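Okay, structure first, notes after.
This one's a predicted model, so the numbers in the text were calculated from it and none came from an experiment. Hydrogens, waters and symmetry mates are skipped; everything else that's a heavy atom, side chains included, is used.
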Amino acid sequence: MGTVTTIDTPPDYDTDFVTGISDDGEVVTGGMPYLGTYSAFRWEAGVMQPLLDPGDDWSAPGTGNSVSADGSVVVGAVFSGGSKLPVVWQGGVRTFLPLPVGATSGDAESISADGRTIVGSSSGPDGNHAVMWHDGVVSILPDLPGQVGWPGAFAVSDDGTTIAGAVESASSYYFARWVNGNLKFQIGRAHV
């Protein structure tokens, strides 16, 4: 039998959910309520670090969505200036990820083991897109012809070459996989 380690939260915070864990299990990330809003957090060795920055208007899902294999990088989203923006936290410092040209909001959902590839979504006047950041450079992942709805990239393999997410045509919503940036096939239809 293993042992249970609880995650203690700072005063006025409540632990809500955990969304990522490092390969060695020593670093955990997620989101927690704080005075009616949400804050991303990074927890390591009994120390809870809320990932708040001045000027961020936090509300769900302003959370840490995933953590790199070594636990040094957390990715997620914050609401800032009225927009939901994709972010990276490293060493307690928040950095906004660039959005594709014309996009006004986005979210970072998952990070590869080495921290070089991050995946998520963006939204703007030209629609919604699954996106990938590789070494900080953003690119839009291919959509289905006639893409509608909200596609997104939700998970990335350890080496960053394979991405899983969702795409939507006018008739159906599909689970999808991109390999080396190319939409390879629809894994299955989620609903009609």
Side-chain angles (χ1 to χ4, degrees), residues 19-20 22-23 29 31 40 42 51 53 56 61-91 93-190:
T19 53
S22 61
D23 278 1
T29 189
R42 181 182 184 277
L51 300 173
D53 271 39
D56 291 341
T63 60
N65 291 329
S66 185
V67 64
S68 60
D70 66 3
S72 66
V73 183
V74 173
V75 299
V78 299
F79 283 85
S80 183
S83 293
K84 180 181 173 189
L85 301 173
V87 294
V88 171
W89 291 276
Q90 188 167 17
V93 176
R94 182 212 56 211
T95 303
F96 290 106
L97 290 167
L99 291 169
V101 173
T104 56
S105 65
D107 193 1
E109 293 283 352
S110 186
I111 185 169
S112 62
D114 63 7
R116 294 184 64 194
T117 303
I118 298 168
V119 300
S121 60
S122 70
S123 178
D126 70 337
N128 307 310
H129 302 282
V131 296
M132 167 181 78
W133 293 267
H134 184 74
D135 291 335
V137 177
V138 66
S139 57
I140 295 174
L141 294 168
D143 294 332
L144 288 175
Q147 171 69 46
V148 297
W150 189 267
F154 307 121
V156 60
S157 62
D158 282 352
D159 66 2
T161 61
T162 304
I163 299 166
V167 292
E168 188 173 8
S169 70
S171 60
S172 294
Y173 184 76
Y174 296 92
F175 298 112
R177 183 174 75 132
W178 294 266
V179 178
N180 295 319
N182 298 305
L183 182 62
K184 297 305 281 186
F185 61 88
Q186 295 106 34
I187 296 170
R189 189 163 65 184

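Residues Phe154 and Asn65 form no side-chain contact, since every pair of their non-hydrogen atoms from C-beta on lies 4.5 Å or further apart. Counting heavy atoms from C-beta outward, Leu97 and Val88 have side chains that approach closer than 4.5 Å. Under the 4.5 Å side-chain criterion, counting only non-hydrogen atoms from C-beta, Leu99 is in contact with Leu85. Here the side chains of Ser66 and Glu109 are not in contact, with every heavy-atom distance at 4.5 Å or above. Looking at Lys84 and Asp107, their side chains come closer than 4.5 Å, going by heavy atoms from C-beta outward. Proximity of Pro86 to Val75: side-chain heavy atoms (C-beta onward) are nowhere separated by under 4.5 Å.
Of the possible donor and acceptor atoms, one in the side chain of Ser68 sits under 3.5 Å from a partner among the backbone N and O of Val73. In this structure, Ser112 contributes its side chain and Thr117 its backbone to a donor-acceptor pair below 3.5 Å. In this structure, the side chain of Arg42 does not engage the main chain of Gly91 through any donor-acceptor pair within 3.5 Å. Between the Thr19 side chain and the Gly64 main chain, a donor and an acceptor come within less than 3.5 Å of each other.
Across all non-hydrogen atoms, the minimal contact from Phe96 to Val87 is CD2-CG1, 3.5 Å. Shortest non-hydrogen contact noted between Gly124 and Thr104 is CA-OG1, 3.9 Å. Closest approach of Pro100 to Ser122, counting heavy atoms only: CG-OG, 3.7 Å.
Asn180 and Thr161 share no donor-acceptor pair across their side chains, judged by distance under 3.5 Å alone.
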